[in-house]
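Letters A, B, ... are given to chains in the order of the sequence lines, protein chains preceding strands, and every chain is numbered from 1.
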Protein chains: 2
Amino acid sequence: MSKNSSTTIQTVGRIANILRCFTESEADLGVMQISRETGLHKSTTSRLLSALHQEGFVEKSAETGKYRLGLGLVNLAGVVLERQNLHQAAQAYIKSLAEFTQETINISILDGEECINVESIHSPKSIRYTGRLGRRTPLHCTSTGKVQLTYMSPEQRQKILSQPLGAYTQHTITDPITLRIALAAVCDQGYAISNEEFEEGLVAIAAPIYDHTGEVIAALSISGPTYRMDSNTLQEFALPLKDAAKMISGQLGYIS
Amino acid sequence: MSKNSSTTIQTVGRIANILRCFTESEADLGVMQISRETGLHKSTTSRLLSALHQEGFVEKSAETGKYRLGLGLVNLAGVVLERQNLHQAAQAYIKSLAEFTQETINISILDGEECINVESIHSPKSIRYTGRLGRRTPLHCTSTGKVQLTYMSPEQRQKILSQPLGAYTQHTITDPITLRIALAAVCDQGYAISNEEFEEGLVAIAAPIYDHTGEVIAALSISGPTYRMDSNTLQEFALPLKDAAKMISGQLGYIS
DNA sequence: TTAGGGTGTTGCGTATAATGCAACAATGTT
DNA sequence: AACATTGTTGCATTATACGCAACACCCTAA
């Protein structure tokens, strides 16, 4: 399966495809593996990788000779994360939220037609949802995604809802009309819930974070397994969640 | 000033130079600004940026038309950070260390001849050291750097110490002999201190984190302003710091 | 209003730079 | 030991990215 993204500059697309080959489960890759996955000639792959190596975008294991993503990327990502003042603004509040709930806390922002995690504190419990930094999740079946859908521009929402909505579990809402009704409820309540709509056994609740212009720029969520996140617990969590989101918004200059 | 890094593949070097133009203080850049800084023709710059945009490595502000680093980088960096199990292993311990000390906690790992921050909790105090994710710091004048220097291979240490040691402040140790003596002390005590050697008014103390093979893979540090981090306080912090580092090492499979 | 400096994008012909080939070295495997 | 697989490198070729220049857009100022 070759990943394609037609680009004005070929090399940029090739580099992107190479870098995207690396995942959590496939962290170390050899030249041939990448060559096969991208459809590039092995010599080309070898040369691109060695160039990426020089720039610190990938590392090369001395023992195995395999490549892995490099710390240069962390360096650049740090600049991105710092830009959103979210990190500093949120830290105190998500920490106390994590302590109170004992569940995993995430903050994610909208990137195109997906959510991307920019902040996360894991639950101390062994059974937990781990939303790692940089992870992308769909919009229509996650709590944070629903928040984003609720507060985005009508045109953008229309565009996304007019595409087929993938069924991740039996509970995923795949009908745009039903989803729109759910989003209306989000608007009323000020929070969104995803009840095993993205992953079996996973329940989450999310609330919007506003910036100084009054726009929703992120969503704060609590995620946990079904058996700990029953409807009573969700009720109990809703207010602290909304409070924390409001406090973070305040830090960003939002006047409610 | 044009940044050069001779690479086997020109485009990779150019892309790297472009991406490195973006910093915290200069987060939004126009085509011409980047063109000037990299020495690339403006048309080339424009095309490279638009290609990078398509791949999500940069974003383009709709209002200003300026570019900024994109979330695609966060995505890739997440894979890197997840690889080190540090994040999960450390979280509980650095949180309690942060609470106990009320100062900024960082974890940094060695990357080439620098340290790079992979984890940080900011002090709640308004006067604080903020070691953002992905930030690079020198080895010879930081607490974490000294830890890394102490436990690296003699050849590597020799190589670094044979280069000129930059004076960041009046207190920076620039004499390799003096530094070697200081490192010997680190080995004895199990922790390193940087007393305004990197930045005026900044004091830090760091201890090594070991992985399951018994190698030092990271350093855990507490940083704060001089007036709060006097020698008594440092003494008081040393043991909890070493304990936390030991516990994290244990999580990574280290048997002491 | 027009003129003007600065910026960002795009078509086009050219020349450079990246490519694929193939041979080689370096592994690991039967 | 023979084979299979992988990763690297020299070299000739051509496809690719380049620089030019013209254009389209802001702005601000006169």
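S43(A) is linked by a side-chain contact (heavy atoms from CB on, under 4.5 Å) to H41(A), R47(A), counting only residues two or more places apart in sequence or in another chain. Considering only residues two or more places apart in sequence or on other chains, E59(A) meets the side chain to side chain donor-acceptor pair (under 3.5 Å) condition with none of them. Y93(A) is linked by a ring pair (Phe, Tyr, Trp, His ring centres under 6.0 Å) to nothing, counting only residues two or more places apart in sequence or in another chain. Partners of S162(A) according to the side-chain contact (heavy atoms from CB on, under 4.5 Å) rule, which considers only residues two or more places apart in sequence or in another chain, are Q158(A). With sequence neighbours excluded, no residue forms a side chain to side chain donor-acceptor pair (under 3.5 Å) with R157(B). For E24(A), the salt bridge (Lys or Arg N to Asp or Glu O under 4.0 Å) criterion is met by R132(A), not counting sequence neighbours.
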Atom pairs under 3.5 Å, N or O on each side, protein against nucleotides 6-9 of chain D: can you list them with distances?
residue	atom	partner	partner atom	Å
dG7(D)	OP1	V31(A)	N	3.1
dG7(D)	OP2	V31(A)	N	3.1
dG7(D)	OP2	M32(A)	N	2.5
dG7(D)	N7	K42(A)	NZ	3.1
dG7(D)	O6	K42(A)	NZ	2.8
dT8(D)	OP1	K60(A)	NZ	2.4
dT8(D)	OP2	S46(A)	OG	2.9

Nucleotide N/O to protein N/O under 3.5 Å, stretch nucleotides 28-30 of chain C:
none

Give each protein N/O atom lying under 3.5 Å from an N/O atom of nucleotides 14-17 of chain D, with the pair distance.
residue	atom	partner	partner atom	Å
dT16(D)	OP1	Q10(A)	NE2	3.1
dA17(D)	OP1	Q10(A)	N	3.0
dA17(D)	OP1	T11(A)	N	3.0
dA17(D)	OP1	T11(A)	OG1	3.3
dA17(D)	OP2	Q10(A)	N	3.3

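Legend: salt bridge (charged side-chain N to carboxylate O under 4.0 Å, His left out) pairs involving residues 106-118 of chain B, not counting sequence neighbours, sorted by first then second residue: D111(B)-R136(B), E113(B)-K159(B), E114(B)-R136(B). Sorted by first and then second residue, the ring-ring contact (aromatic ring centres under 6.0 Å, His included) pairs with a member in residues 141-160 of chain B form an empty list; sequence neighbours excluded.
Note on ring orientation: taking the six-membered ring where Trp is involved, the planes of Y67(B) and H53(B) are perpendicular (angle over 60°, cut-offs 30° and 60°).
No more than 12 heavy atoms of other residues, nucleotides or ligands shown are found within 6.0 angstrom of CE on M247(A).
With rounding to whole Å, H41(A) atom NE2 is found 5 Å from dG20(C) atom C1'. Note: CG (L40(B)) to P (dT16(C)) measures 17 Å, nearest angstrom.
When the C1' atoms of four end pairs are superposed on the next four at each end of the helix from dG5(C)-dC26(D) to dT30(C)-dA1(D), using five pairs per end, the two resulting axes differ in direction by 50°, to 10°.
Here the shortest heavy-atom pairing between G70(B) and V80(A) reads O-CG2, 3.7 Å.
Annotation: side chain of L19(B) is in contact with side chain of V58(B) (closest heavy-atom distance under 4.5 Å). Counting heavy atoms from C-beta outward, I109(A) and L86(A) have side chains that approach closer than 4.5 Å.
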